Amino acid sequence: MSSYIFINNIEDLEKVKDNYLAGKVCGVDSETTGLDPLMCRLRLLQIAVAGEQTLVIDCFELLPVGKAIIQEILDSFDIKVFQNAKFDIKFLKANGLEIKGQLFDTMLAGQLLRTSGGPRRVALAELANHYLGVALSKEQQRSDFSGKLSEEQLEYGAKDAEILLKLRGVMILELKENKLIEVARVEFACCYAIAHMEYFGIHVDLNMWQKLTKQIEKSKEECLNKLYPYIGYPTVQLGLFEERKISDFNPNSHKQILSLLEAQGIHVDNTSKHALALHSKNPFVKLLLEYRHLEKQLNTFLHTIPNQINPVSKRLHPNYGQNGAFSGRMSCGNPNIQQIPREKEFRACFNGTKGRKLVIADYSQIELRVIAQFANDTRMIQAYKDGEDLHRLTASLVLQKDIQDITKEERQAAKAVNFGLVFGMGAAGLKSYAANTYGTTMTMEEAKLFKKRYFVAYKGVNNWHWHIKKTLPISSRTLAGRKHNYGSDSGMSGRFNTPVQGTAADILKNALGQLYLEIQGTSIIMVAVVHDEIVLECDASEAEQTADLLKRIMEEAGNRYLKDIPVIAEVSISDSWAGK
DNA sequence: TCAGTTCGCGCG
DNA sequence: AAAGCGCGCGAACTGA
């Protein structure tokens, strides 16, 4: 029933071209020989338009020869509809084709609608089934597009593009009905930025990385040698194929560690850093924690990242999940650039290529500012308006001292108080959190007293908590309208946290979308995003302007949502991610 | 034997 | 009773 026209030579494309110009909306899909836009090839490009046969273009034959015509066709539509636009945009870009203007991404729309009656899974087949009652074949994903094309491949390809038009029709109504239009706009605009960022990737200095690896490997060996007296020396067996066999004790096994600790008279529920913090004076525990830290750095980062460098670009291309977290935050993987250790030695390996600089900006206390807005806390709002240091203010309120007498340590402790208590942490939690995260010790009595004084000082936050506790909402919205539903197992802290984290994500995504538009035609590329931080790479000569631009765009995005509180982004120019 | 789960920990 | 939240990843462990 699907009707398409297969184009495999330039003459045919020229002949039909005029039928595909100046429509309002088109559905676009592509088929490729794999997932990596730099290593794999674009095979088919399908363009579906109402009232016309769907164009199915063999890109092996028509690129680059038909590039200008295809670009002209794409440009002539006001709105392009994709399923997972990021993927197609990257492949088109690799082939010199650019998507511009408004786009509608059915996958992103589906993710936003998950909390408003939509299906949990957002693959095209699920969406078509749920919103249109249409059964789509899933064969396409498994088929091979590198050889001769089959009738089925063309037909299914055309169908996927056609269904997008129908899906958009239904999903727009759903988005409107559920008041998700604004957040959808933010997501769609942001999608361009994410595609761009994944396409360009980030540069890693492999020499520096290898040096660091050697150094950490050495430290780990030394640490392990010091551990042997406690865990027993390895039994060495020389065999034909293995040089060495490790003893029966495996320091990576929490199970074995737990029984060893038990034997030493140390009773803990588990072997986590948190549980062991109480015994941090014990020399074995101390060594164990150090060992695990080094092992983590080696296994998770140092030994894996070199294998993920793309052979074509020689750069790292992490994969971002635009709605990876249910809060609306992004996730990241392969590798997860958002969890690279903060140590300077690690971050210094991520740099610009020759003659380039990194421009790094992060929001100052964005979640606390969002809370001030949500809770409408006059004291917090005033503090931010006056440009005061909120951690210092909290220290002075909680310790009942003059603000100028607050020491560095007291400010550090107040940081724990601010971040912990606004999200519903109890006194006991506050105590251990302060110890673990900020190295600040407080007694249980102090923690209780701090908590009490905190909520006296910040009445708005207190009322906000009280209201949520009283009404136990089953759902919440961010300031851009993103919806989150709570399950029966959700507690208070989730209810305090999700809309705040999500609003911070709205703001960041809004900034990314704007930024993408501003950097067209410049030397600037986006290379990393980490929740409240954006990293750009640009020519050294443009670094100053880039820094100004980035700061302005981020702050404008913040102030678009936080009407009563100034939003500040702190920017720096550097050779590497380690900063100045 | 191998896919799925749990633990522990890096980041914000 | 007491509780901050959100991710991804590697190694060990579990279960059939």
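Values below: every heavy atom of this structure, side chains too, minus hydrogens, waters and symmetry copies. Residue numbering restarts at 1 for every chain, and letters A, B, ... go by the order of the sequence lines. Note that the structure is predicted; figures quoted are calculated from it, not measured.
Residue G429(A) is in sugar-phosphate contact alone, with no base atom involved, counting any heavy-atom pair closer than 4.0 Å across all strands shown. Among the atoms of the strands shown, only primed sugar atoms or phosphate atoms (P, OP1, OP2) are found under 4.0 Å from some heavy atom of I340(A). If you check every strand for non-hydrogen atoms under 4.0 Å, H293(A) touches sugar and phosphate atoms only. Within 4.0 Å (heavy atoms only), D362(A) reaches no atom of the nucleic acid at all. As judged by a 4.0 angstrom heavy-atom cut-off over every strand, F326(A) is placed among residues touching the sugar-phosphate backbone only.
Of the listed nucleotides (dG10(B), dC5(C), dC13(C)), dC5(C) has the atom at the smallest distance from the side chain of N497(A). The side chain of S253(A) lies closest to dA12(C) when the candidates are dG8(B), dG8(C), dA12(C). The side chain of S493(A) approaches dG4(C) more closely than any other nucleotide in the set dG4(C), dC9(C), dA12(C). Checked against dG8(B), dG10(B), dA3(C), the side chain of F301(A) finds its nearest nucleotide in dG10(B). Picking from dG10(C), dG4(C), dC11(B) the nucleotide with the shortest atom distance to the side chain of R347(A) gives dC11(B). In the set dC9(C), dA3(C), dG12(B), the nucleotide with an atom closest to the side chain of A428(A) is dA3(C). Among dT14(C), dC9(B), dG4(C), the nucleotide with an atom closest to any side-chain atom of R292(A) is dC9(B). Candidate nucleotides dG12(B), dG10(B), dG10(C) were compared by shortest atom distance to the side chain of H531(A), and dG12(B) ranks first. When each of dG8(B), dC11(B), dG6(C) is scored by its nearest atom to the side-chain atoms of T271(A), the top-ranked nucleotide is dG8(B). Between dG12(B), dT14(C), dG10(B), one nucleotide has an atom nearer to the side chain of K273(A) than all others, and that is dG10(B).
Residue Y384(A) forms a side-chain hydrogen bond (donor to acceptor under 3.5 Å, both in side chains) with just one option from Q373(A), R369(A), Q365(A), and that option is Q365(A).
In this structure, R315(A) is not positioned above the aromatic face of F200(A) in the sense of NZ or CZ being under 6.0 Å from the six-membered ring centre and within 45° of the axis.
Judged by distance alone, with hydrogens and angles left aside, Q338(A) brings no side-chain donor or acceptor close enough to the base of dC7(C) to form a pair under 3.5 Å. Remark: the K296(A) side chain and the dC9(B) base include a donor-acceptor N/O pair separated by less than 3.5 Å. Donor-acceptor pairing under 3.5 Å, judged by distance alone, is absent between the side chain of R342(A) and the base of dG10(B).
No salt bridge links R392(A) with E410(A); every basic N to acidic carboxylate O contact stays at or beyond 4.0 Å. Comment: E367(A) engages R329(A) in a salt bridge, judged by a side-chain N to carboxylate O separation of less than 4.0 angstrom. Of the charged side-chain nitrogens involved, none lies within less than 4.0 Å of a carboxylate oxygen, so that K459(A) and D377(A) do not count as a salt-bridged pair.
Residue N252(A) places none of its side-chain N or O atoms closer than 4.0 Å to OP1 or OP2 of dA11(C). The side chain of S331(A) contributes an N or O atom lying less than 4.0 Å from OP1 or OP2 of dG8(C). Distances shorter than 4.0 Å separate some side-chain N or O of N250(A) from OP1 or OP2 on dA12(C).
Look at dG10(C): its Watson-Crick or wobble partner, with both distances under 3.5 angstrom, is dC7(B).
Between F346(A) and W209(A) the shortest side-chain heavy-atom distance falls below 4.5 Å.
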